[in-house]
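Worksheet for the structure shown next.
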Amino acid sequence: MERLLTATLTVIEEKGLAAATIPEIAAVAGVSAGSVYRRFADKDALVRAAFLQVLEESQETNRANLPTGRFEGRSFNEALHAIGRSFVAQYRGRTGLLKALDQFLELQADAKFRERAAELIEANFRLVIEALLPFRDRIAAADPERAITFALLSAATVIEVHKLQNDLLWKRMLPLDDEALAEEIARAMIAYLTLA
């Protein structure tokens, strides 16, 4: 099962969602296509299982790396710079996979899968929010948790447009490498959260 899910993610990353076929995935996993169908009804069921595994692993990693006191001893600005770098790094080397996940979620009719994926993604954001809440006295907004949530979702949206959509306007007007993108994300979050 582990080889099959890993092969699914590998094929999606390298060739895209549309090109990820059961025979291709089976070949990469070193199993027959028939054995795939014994475990999964169709390609969508296999892809759902693979994407849920990625999201669950991401949550476990973030839970280990982002305990509430994670930024203890660091300044608010240092914490936001670390988050900016971390957000951008999550897309490094996984652009194809994350683009496919975005497409798959958009087109997926399985409401249970969509809900579980949304829960896992939200849980990851909530871990970051909790890690930043000790800085609530540095946040100018009346509702610090809401402000942090808005800042993080805004940062993630900018990164997704920049990294996943290959937006022509961004590339033309503000071509940023990962380091520069992380820096601008951190600066934007700092400005938003600290301006009265």
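Values reported hereafter were calculated over all heavy atoms of this structure, with side chains retained and with hydrogens, waters and symmetry mates removed. Fair warning: this is a prediction, and the values are worked out from it, not measured in the lab.
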Original post:
How are the rings of Tyr192 and Phe150 set to each other: parallel, tilted or perpendicular (split at 30° and 60°)?
Top reply: tilted
Original post:
Is Asp178 paired with Arg85 through a side-chain N to carboxylate O contact shorter than 4.0 Å?
Top reply: no
Original post:
Mind checking whether Asp44 and Asp110 have side chains closer than 4.5 Å, heavy atoms only?
Top reply: no
Subject >> Greater than 12 external heavy atoms within 6.0 Å of Met1's CE >> reply: yes
Subject >> Co-membership, hydrophobic cluster, residues Phe135 and Met189, 4.5 Å side-chain >> reply: yes
Subject >> Output field: ring centroids Phe104/Phe113 closer than 6.0 Å >> reply: yes
**OP:** Would you check, one step at a time, whether the test side-chain contact (heavy atoms from CB on, under 4.5 Å) holds for Leu127 with Arg63?
**Re:** CA-CA 7 Å; Leu127 290 169; Arg63 193 176 292 130; 4.2 Å; yes
**OP:** Identify whether the distance between the nearest side-chain nitrogen and carboxylate oxygen of Arg126 and Glu130 falls below 4.0 Å.
**Re:** no
Subject >> Cluster link Leu152 to Leu55, ILVMFWY, side chain under 4.5 Å >> reply: yes
Subject >> Heavy-atom neighbours of Glu119 CD exceed 12 at 6.0 Å >> reply: yes
Subject >> Common cluster, Ile25/Ile12, ILVMFWY with side-chain heavy-atom separation under 4.5 Å >> reply: no
**OP:** Taking only Lys NZ, Arg NE, NH1 and NH2, and the carboxylate oxygens of Asp or Glu, determine whether Glu115 and Lys112 approach each other closer than 4.0 Å.
**Re:** no
Original post:
So, do Arg116 and Arg48 sit near enough that their side-chain heavy atoms are less than 4.5 Å apart?
Top reply: no
Subject >> Cluster check Val28, Val47: I/L/V/M/F/W/Y, side chain < 4.5 angstrom >> reply: no
**OP:** Treat each ILVMFWY residue as a node, draw an edge where side-chain heavy atoms are under 4.5 Å apart, and state whether Val88 and Phe71 are in one component.
**Re:** yes
Subject >> Which atom of Asp42 lies closest to which atom of Tyr37, heavy atoms considered >> reply: CA-CE2, 4.3 Å
Subject >> Carboxylate-amine/guanidinium contact Lys15 Glu24, below 4.0 Å >> reply: yes
Subject >> Heavy-atom neighbours of Arg39 CZ exceed 12 at 6.0 Å >> reply: no
Original post:
Hey, what do you get for CD1 (Ile190) to CD1 (Ile139), rounding to the nearest 0.5 Å?
Top reply: 11.5 Å
Subject >> SB check Glu184 Arg187 (cutoff 4.0 Å) >> reply: yes
